Undergrad: 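Got a structure here, written out as structure tokens. Questions coming.
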Amino acid sequence: MVAYIVRRLLLLIPVLLVVGVVVFTLMHLTPGDPASVMLGRDATPEQKEALRERLGLNEPVPVQFVNWFGSALRLDFGDSLFLGMPVTEALRERAEPTVLLALYALTLSLVIAIPAGVIAAVRANSPIDRLLMVVSISGVAIPSFFFGILLILLFAVVLGWLPSGGYVNIRDDPGEHFRYMLLPTLTLGFAAAGLLARLVRSTMLDVLNEDYVRTAYSKGLAERRVVVAHALRNALIPVLTLIGISFAGMLGGAVVIEQVFNIPGMGRLLVNSVVRRDIPVVQGAVMTVAAIEVLIMLLVDILYVFVDPRIRYGAE
Amino acid sequence: MALSEALGTTGRVSPASRGRWRLSSITPASSYYWVRLLLENPAVVASLLLLLAILLTALFAPAIAPFDPGFVNPADRLDPPSAAHWFGTDDLGRDVFSRVVYGARISLLVGVTVTIGATVIGSLIGLIAGYYPRADTPLMRIMDGLEAFPSILLALTIMATLGPAVENVIVALSVVYTPNIARLVRGTTLMNRQQTYVESARAIGMRDFPILRRYIFANSLSPLIVQCTFVVAFAILTEASLSFLGAGVPPDIPTWGSIVSSGQPRLQQAWWISVFAGTFLFVTVLATNLIGDGLRDALDPRSRRR
């Protein structure tokens with residue numbers, strides 16, 4: 001098990017290297033000279049040259065990459081061109097709303113999707129199954145920003161119950177915090193719930209056809225107990241993978257949702273930085289999210305062992 | 001046989017084609033049986049008709065749109081839907097219906113070209129990785145690297161480099177969805193490579209390229225077609241998200257994403273700007289997904305049981 005984890009951690013290095021090469025190359029193809037951007041129009045050529053030297057922009061590109069990737073592994077992405085602070089600092093400041101949003105949305109999607117998928121599978125092809133599947137395929141197909149806008153229209157503009165956007169820190173006022181986060185959470189959670197519910201339904205259908213489920217029924221167990229104790233536990237294994245994918249997808253989805261609801265998170269920082277071409281911030285944000293995604297995938301693989309006792313890594 | 005006859009009598013038969021060509025005459029033994037299964041699925045037929053309507057709208061946009069989509073008329077600012085302006089007007093007095101009609105062009109163009117691009121490159125990579133073990137690890141590690149980004153993030157990063165333009169959106173999204181196709185084709189290639197017909201083709205001295213084309217790629221087509229349908233839907237959604245964020249197509253070209261975005265600050269006074277464009281987007285993606293589901297059910301005998 002330990003050997004397996006170590007091997008998987010080592011395998012992260014080539015993936016992160018590819019991610020780093022992609023991010024670095026793309027940013028280097030970007031037209032424009034960071035030194036001119038940072039110093040503004042009035043800078044003399046000598047000042048620009050001095051800054052280029054200081055930033056290491058006069059080194060050969062492969063050397064620049066090695067320097068940059070080396071620092072990136074130590075979580076040092078340099079300084080933002082516009083914010084006047086290190087990228088890591090800027091990211092840390094804005095990580096909280098994004099991570100909380102993703103966590104809330106993940107929780108919500110599980111709370112909706114698992115019961116919905118189980119009910120749909122147990123009552124397969126009934127009207128309630130069809131209704132649940134129509135809702136879930138809509139969840140997948142509706143663009144999150146449009147769903148968010150519909151929610152704003154209903155709950156903020158028409159009913160006036162909830163704010164249409166903004167953010168309150170959880171430490172300042174937990175009640176207000178949740179009031180502000182409710183619509184973004186619903187928006188982000190609904191899309192993920194659609195995918196998850198479909199997967200729960202199809203794996204449950206497979207499991208419900210297994211011999212051990214028939215055995216459980218025939219020895220007289222109540223349906224609830226068969227479904228929850230025998231079927232659901234086995235059906236959750238493939239679902240776990242999708243939860244990992246969903247969480248990572250939510251970090252991406254948060255980019256859009258934060259724009260819709262005006263939440264000062266990493267996503268908004270990233271979009272603003274793309275628009276004003278603040279390259280170190282884009283590099284840092286993208287690298288961070290990619291690294292988190294890869295780590296979550298690893299975590300999911302390790303969790304398998306606990307969910308499914310049949311899986312033994314590194315036992316060969 | 002009795003079952004297929006029973007199905008045959010209830011099949012959809014249009015009076016015009018009586019006795020000559022009917023869907024129900026395709027028996028389960030036919031290799032086109034999936035077409036019958038597909039067209040007997042009402043959700044798929046409805047979705048196909050809807051997409052056809054949107055395709056025609058996009059093709060004939062200049063004839064359908066009553067106004068120039070960029071025509072600014074300060075006298076008609078924020079007019080609600082009316083006989084003259086079916087979907088109302090926006091804050092510059094532009095006709096929202098005309099803008100939505102033109103927006104269909106970008107969504108469909110991006111959806112189709114991105115899918116073609118990702119499928120061509122992804123299939124090549126998948127075939128090579130699956131057939132030549134030595135190429136497998138390097139190619140698939142690159143694909144892993146690309147997939148480590150959430151798709152919208154990779155698209156944003158590429159757009160930051162290339163700058164806003166329709167062609168750049170197409171390039172960016174093709175890169176984003178290539179690993180998706182490559183992984184699928186690699187999987188089917190690995191499976192087909194083990195088959196006896198590939199071994200015998202190799203034994204009689206067939207070259208790699210004809211083997212790949214005739215025996216391996218041809219046998220990957222059904223899952224590939226299903227996946228392509230979903231890539232069309234993903235690409236349309238991601239393009240709309242990019243445009244919504246202001247990082248996609250330049251602002252002077254109307255797209256569904258940018259129309260929704262331009263309506264957001266005006267939700268209080270003018271709900272119609274965002275709602276109509278968003279609904280078109282939603283319905284298009286939904287129809288594409290339903291066709292994908294229908295294709296999967298029709299092409300994959302294992303999923304038919306459900």
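Small disclaimer: the values here were computed from a predicted structure and weren't measured. Naming convention: chains lettered A, B, ... in sequence-line order (proteins, then strands); numbering from 1 in each chain.
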Undergrad: Most heavy-atom pairs under 4.5 angstrom with chain B, which of A:Ile152, A:Val18, A:Val158, A:Val271?
TA: A:Val18
Undergrad: Please state whether the rings of B:Tyr177 and B:Phe234 are parallel, tilted or perpendicular, taking 30° and 60° as the class boundaries.
TA: parallel
Undergrad: Within a reach of under 6.0 Å around CD1 of A:Ile128, are more than 12 heavy atoms found that belong to other residues, nucleotides or ligands?
TA: no
Undergrad: Using a cut-off of under 4.5 Å on heavy-atom pairs, state which of B:Gly263, B:Ala240, B:Ala247 scores highest against chain A.
TA: B:Ala240
Undergrad: Would you mind telling me which of B:Thr288, B:Val260, B:Leu242 has the largest number of heavy-atom pairs within less than 4.5 Å of chain A?
TA: B:Val260
Undergrad: Given that the side chain runs from C-beta out, which part of A:Val256 has a heavy atom under 4.5 Å from chain B: side chain, backbone, both or neither?
TA: both
Undergrad: I need the residue from A:Val286, A:Val282, A:Val255 with the largest number of non-hydrogen atom pairs under 4.5 Å to chain B.
TA: A:Val286
Undergrad: Let's test your reading of the structure: which of A:Ile137, A:Leu16, A:Val294 forms the most heavy-atom pairs below 4.5 Å with chain B?
TA: A:Ile137
Undergrad: Verify whether one side chain among B:Trp256 and B:Glu239 offers a donor that lies under 3.5 Å from an acceptor in the other.
TA: no
Undergrad: Against chain B, label A:Val140 side chain, backbone, both or neither, depending on which of its atoms sit under 4.5 Å from a heavy atom there.
TA: both
Undergrad: Between the main-chain N or O of A:Pro264 and the side-chain N or O of A:Arg94, is there a donor-acceptor pair closer than 3.5 Å?
TA: no
Undergrad: Between the side chains of B:Ser258 and B:Thr255, is a donor N or O closer than 3.5 angstrom to an acceptor N or O?
TA: yes
Undergrad: With side chains defined as the heavy atoms from C-beta onward, is the minimum distance between A:Ile257 and A:Ser144 less than 4.5 Å?
TA: yes
Undergrad: Between A:Val21 and chain B, which part of the residue has a heavy atom less than 4.5 Å away: side chain, backbone, both or neither?
TA: neither
Undergrad: What part of A:Ile292 is in contact with chain B, defined as an atom under 4.5 angstrom from a non-hydrogen atom: side chain, backbone, both or neither?
TA: neither
Undergrad: Got a salt bridge between B:Asp90 and B:Arg266, using NZ or NE/NH1/NH2 to carboxylate O under 4.0 Å?
TA: no
Undergrad: Among A:Leu153, A:Leu150, A:Ile149, whose side chain to side chain contact (heavy atoms under 4.5 Å, CB included) with B:Trp271 holds?
TA: A:Leu153
Undergrad: Using heavy-atom distances under 4.5 Å, tell me whether B:Phe149 contacts chain A through its side chain, its backbone, both, or neither.
TA: both
Undergrad: Could you tell me which portion of B:Ile152 (side chain, backbone, both or neither) has an atom closer than 4.5 angstrom to a non-hydrogen atom of chain A?
TA: side chain
Undergrad: Would you mind checking which part of B:Ile236 comes under 4.5 Å of any heavy atom in chain A, side chain (CB onward), backbone (N, CA, C, O), both or neither?
TA: neither
Undergrad: One thing to verify: whether B:Asp293 and A:Arg198 come together as a salt bridge, which I'm taking to mean a side-chain N less than 4.0 angstrom from a carboxylate O.
TA: yes
Undergrad: In terms of heavy-atom pairs under 4.5 Å, which option from A:Ala291, A:Ala285, A:Gly20, A:Ser138 contacts chain B the most?
TA: A:Ser138
Undergrad: Between B:Thr238 and chain A, which part of the residue has a heavy atom less than 4.5 Å away: side chain, backbone, both or neither?
TA: neither
Undergrad: Using a cut-off of under 4.5 Å on heavy-atom pairs, state which of A:Gln283, A:Met287, A:Gln259 scores highest against chain B.
TA: A:Gln259
Undergrad: So that I know where these two stand, are A:Phe69 and A:Phe24 an aromatic pair - ring centroids less than 6.0 Å apart?
TA: no
Undergrad: Of the backbone (N, CA, C, O) and the side chain (C-beta and beyond), which part of B:Ala233 lies under 4.5 Å from a heavy atom of chain A, both, or neither?
TA: neither
